[in-house]
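Order of appearance sets the numbers: ligands from 1, and atoms from 1 within every ligand.
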Amino acid sequence: MNVSELEATARAIVAPGKGILAADESTGTIKKRFDKIGVESTEENRRAYRDLLFTTEGVEEFISGVILFDETIRQGSADGTPFPELLDSKGIIPGIKVDKGAKPLALAEGETVTEGLDGLRARLEEYRGLGARFAKWRATYSIGESTPSEYCVWVNAHALARYAALCQEAGIVAIVEPEVLMDGDHSIKASLKATRRVLQAVYTELHDQRIDLWGSLLKPNMVLSGYEASERASVDEVADATLECLYRHVPAAVPGIVFLSGGQSDEDATAHLNAMNARGPHPWQLSFSYGRALQAPALKAWRGKPENVEAAQRAYYHRAKMNSAARTGMYAPEMERDAVPA
Ligand code: 13P
């Protein structure tokens, strides 16, 4: 294992002003996104959509890495250039989702454990050969009266650390993604408590399983009120609660924290990141690894039509630019008006 290479890659991913595009929707998830815009989820449509994102001119100013799905890392641009090669040529680091999804956790009604450890060593070797320099594994936790249970918190932490160790052995930066889901009517206080328990377990396991934290990144949820809560916490409250959680549980050795958007509106996700960076400097870079919050306007503009590709690229470029501004704490909602109309 080359520790300094891992650390250099992790630092490049969270370079100032840059963040990650999560374009690693599984075949099932991308179908849901396509259903909403009336596009059939064929292999060619999925390729064309990713092609549109990856060929957006100039976006490399704001995007340092892209997370791909197994199908996508094997696909290529219209001219035949493999996607990892295309991204590399723009200075964007290719990454890969390697978990096999959150599956029902035995004897724990309503809770999940993420699968995919069997055969992972061989898959990582193959993905590295295909150009991947970082990977992602997502665990999910729901907030309920008696959840997340200690059982769910610890089995997922254990699996996240086993995944991270295999990544580091393969010379691949591990993005560790424990996502406390924000569905429900819970308060921001409940969200803070659950996220604290989850992060405490994750960093205990990462330590016990000998992970080099300098060569890793954390991809957490922000601490929000439940989406159905009657009283929603403000941007400032979200920034304060999320930072409290991170300061208590994430070691300063971790180079960067790349938030997921988790179903927030695209502008909320930007405003929250901005408010946290405005309170900096922090021990870690605070950046983004957004799926929906970077792609929603682009999907809406595209609707599967070749004549809409340019409008979709403008929409994606604009969100990437807004989130880049949020990395410095200099974003303001008025900047949204500068968007080139789709
Ligand atoms: P969202 O930003 O849409 O939550 O997606 C990020 C991601 O990679 C989830 O695993």
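Counting only N and O atoms by type, the side chains of T270 and R319 include a donor and acceptor under 3.5 Å apart.
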Atom pairs and distances, donor-acceptor, side-chain atoms in residues 98-107, under 3.5 Å, two or more places apart:
unit_1, atom_1, unit_2, atom_2, d
D99, OD1, K97, NZ, 3.4
D99, OD1, G101, N, 2.9
D99, OD2, R138, N, 2.9
K103, NZ, K100, O, 2.8

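The ring pair (Phe, Tyr, Trp, His ring centres under 6.0 Å) search around F54 returns F83, not counting sequence neighbours. Residues meeting the salt bridge (Lys or Arg N to Asp or Glu O under 4.0 Å) test with R47, sequence neighbours left out: E44, D51.
When every heavy atom of E40 is checked against every heavy atom of F34, the shortest pair comes out as O-CD2, 3.8 Å.
A distance limit of 4.0 angstrom between heavy atoms and ligand 1 selects the residues A22, D24, K136, R138, E177, K219, L260, S261, G262, S289, Y290, G291, R292.
Each of L260 and V254 belongs to its own hydrophobic cluster when Ile, Leu, Val, Met, Phe, Trp and Tyr are linked at side-chain heavy-atom distances under 4.5 angstrom.
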